[in-house]
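Sharing a structure with you now.
So that the names make sense, note that chain A is the first sequence line, chain B the second, and so on, each numbered from 1. On a predicted model such as this, the values are computed, not experimentally measured, just so you know. These numbers come from the heavy atoms of this one structure, side chains and all, not from hydrogens, waters or symmetry mates.
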2 protein chains.
Amino acid sequence: MGMERTTYHHGNLRQALIEAALELALARGPEGVSVREAARRVGVSPGAPFRHFPDRRALMTAVAQEATERLRIEVRHAVRPADRSALRRLAALGRGYLRWAERHPAHFRIVSARDQIDVETSPGLLRGMLAGRRETEDTVRAAQAEGDIDPAHDTQQLALLARACVYGLARMRLDGHLPQWGVAPGDETRATEAALALLIDLMARAPNAPGQASVSASRPRATRA
Amino acid sequence: MGMERTTYHHGNLRQALIEAALELALARGPEGVSVREAARRVGVSPGAPFRHFPDRRALMTAVAQEATERLRIEVRHAVRPADRSALRRLAALGRGYLRWAERHPAHFRIVSARDQIDVETSPGLLRGMLAGRRETEDTVRAAQAEGDIDPAHDTQQLALLARACVYGLARMRLDGHLPQWGVAPGDETRATEAALALLIDLMARAPNAPGQASVSASRPRATRA
DNA sequence: ACCTGAACACCGTTCAAGT
DNA sequence: ACCTGAACACCGTTCAAGT
């Protein structure tokens, strides 16, 4: 009887709604989330959520922010073991992203569902996304400094290219494009990671100024699959 | 009085509905399309569309097929002027795709809206997508044969990588990710095409077996932006 | 054969009224 | 301050009945 959760209904509806929505997104995809159903699951009337979120988009945006935070944590874990060279960290960064998208498709989808969320209105979301970019760019720059990537290339452009590849691979997998690109069922993880390794490999080859013997020594064996 | 369009209502509802839905998608995005509204615009009762499409997804899939056909036409146009070398054709292919996505965001979104369409049930859609893959792979293979891309790399993997980059760039632009990646407003076209050019440039560098002097001669000046 | 129009079970959102 | 519950204007989908 001594339950302390119930100011009026049960403390903070806001967080409960975010969690309910996240569960719904997990079960039926982002567009399967309905405010009414989230309210129902949390035991509250259909109008109640609108006291905490101006509209459905705001709820979805809050869910996306939570998902982004979990992404950052998971990707950071993937990178740690491979910090011998910046180029390898870059590869690990990409693999971490791919694996997160694979393991949490609902989170990935909601984070990239431009039509369901409002990135601009969420400082937390923006911060998380900028952190991802900063980490990528810093790693690319370090790899250039270490001589593994041609310093003549623009760092920002390399980072954008890397992200586009990884994001594209993750989306192609999720959007079911891979079968049409010759990837056998069950082979998606290997194929997408091989494509990423190929990109890293291409980035590592042929610096503009020849004579950097250290490059091939630290070049990862990327296309071993 | 002598109008010949009206077997019962006006000939073929099916095509009229597809066009109405396409217009709706253009105006309010794929998920802004409602079967009822399409029926209304075409002057027919809410239940009528279900005589031609089993459900909303089927209508959206038909719209996606129409959009894919237009994509193929537009991309083919982009390629023709640049057929001097296979590597340049590959770049043109990518640019054509990017430009199509830029000019017809609604078409691009509906074609890649896995949650709104059913690719497997549409032979026409599947055919269009496979044609896109075949063209990419053939061009990569030709570039390898011409010595512009290292023949040691797997053709399918190169093609997948190229598509992932281009698809990823197009989606990042549409999903509003570019501002967070250091791309100034108005600079999206230049930035995405530069990233694509960078990829082509990376692909063109450093064949495994050295001593192919012809390579640098036919290598496009990719990163001139 | 093809369409109507009413019906059903849902939505998001608003707003008076309650506590 | 926060929630209820009825209301409004929408959905997708079904199905008898019409032509």
Looking at D/dC11, D/dT13, D/dC3, which one has an atom nearest to any side-chain atom of B/R56?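 Nearest to the side chain of B/R56 among the choices is D/dT13.
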
Return the CD to CZ distance between B/E137 and B/R163, rounded to the nearest 0.5 Å.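 Answer rounded to 0.5 Å: 11.5 Å.
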
CZ of B/R14 versus P of C/dC3: gap in Å, rounded?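 Atom CZ in B/R14 sits about 13 Å away from atom P in C/dC3.
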
Candidates D/dC11, C/dC3, C/dT13 - which lies nearest the side chain of A/F50: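 The listed nucleotide nearest to A/F50's side chain is C/dT13.
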
Quick check for you: to the nearest 0.5 Å, what is the distance between A/L174 atom CG and A/S112 atom OG?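 If we round to the nearest 0.5 Å, A/L174:CG and A/S112:OG are 7.5 Å apart.
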
What integer distance in Å separates B/F53:CZ from C/dC3:P?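 Computing the B/F53:CZ to C/dC3:P distance gives 11 Å.
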
Under 3.5 Å on both distances, the Watson-Crick or G-U partner of C/dA1: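 By the stated definition (distances under 3.5 Å), D/dT19 pairs with C/dA1.
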
CG of B/N12 versus P of C/dC2: gap in Å, rounded?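 Value for this atom pair: 11 Å.
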
When you get a sec, tell me which of C/dT4, D/dT4, C/dC11 is the closest nucleotide to the side chain of A/V44?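 Selected nucleotide: D/dT4.
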
Using a 4.0 Å heavy-atom cut-off, does A/R40 contact any base of the nucleic acid, only the sugar-phosphate backbone, or nothing at all?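 Sugar-phosphate, no base atom in range.
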
Check whether any side-chain N or O of B/T68 sits under 3.5 Å from a backbone N or O of B/L125 as a donor-acceptor pair, and report yes or no.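 It does not hold such a pair.
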
Does C/dA6 have a Watson-Crick or wobble mate here (both distances under 3.5 Å), and if so which one?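 Pairing partner: D/dT14.
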
What's the CG-P distance between A/L59 and C/dG12, to the nearest Å?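 That distance rounds to 10 Å.
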
Options C/dC3, D/dT13, C/dT13, nucleotide nearest the side-chain atoms of B/P46: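 Nucleotide nearest to B/P46's side chain: D/dT13.
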
So what does A/R36 hit on the nucleic acid, given a heavy-atom distance under 4.0 Å: a base, only sugar-phosphate, or nothing?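 Since a base atom lies under 4.0 Å of A/R36, the category is base.
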
Could you give the distance from CD (B/Q144) to CE (B/M203), rounded to the nearest 0.5 Å?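 The distance works out to 9.5 Å.
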
Is B/R51 touching bases, backbone alone, or none of the nucleic acid, heavy atoms closer than 4.0 Å?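 Answer is base: heavy atoms of B/R51 come under 4.0 Å of a base.
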
Between A/S34 and C/dG12, is there a contact of a side-chain N or O with OP1 or OP2 at under 4.0 Å?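 A/S34 to C/dG12 OP1/OP2: side-chain N or O found under 4.0 Å.
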
A/E37/A/R40 salt bridge by N-O under 4.0 Å criterion: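 The answer is yes: the pair qualifies as a salt bridge.
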
What is the distance from CG of A/D55 to C1' of D/dC10, rounded to the nearest Å?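 Distance, rounded to whole Å: 16 Å.
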
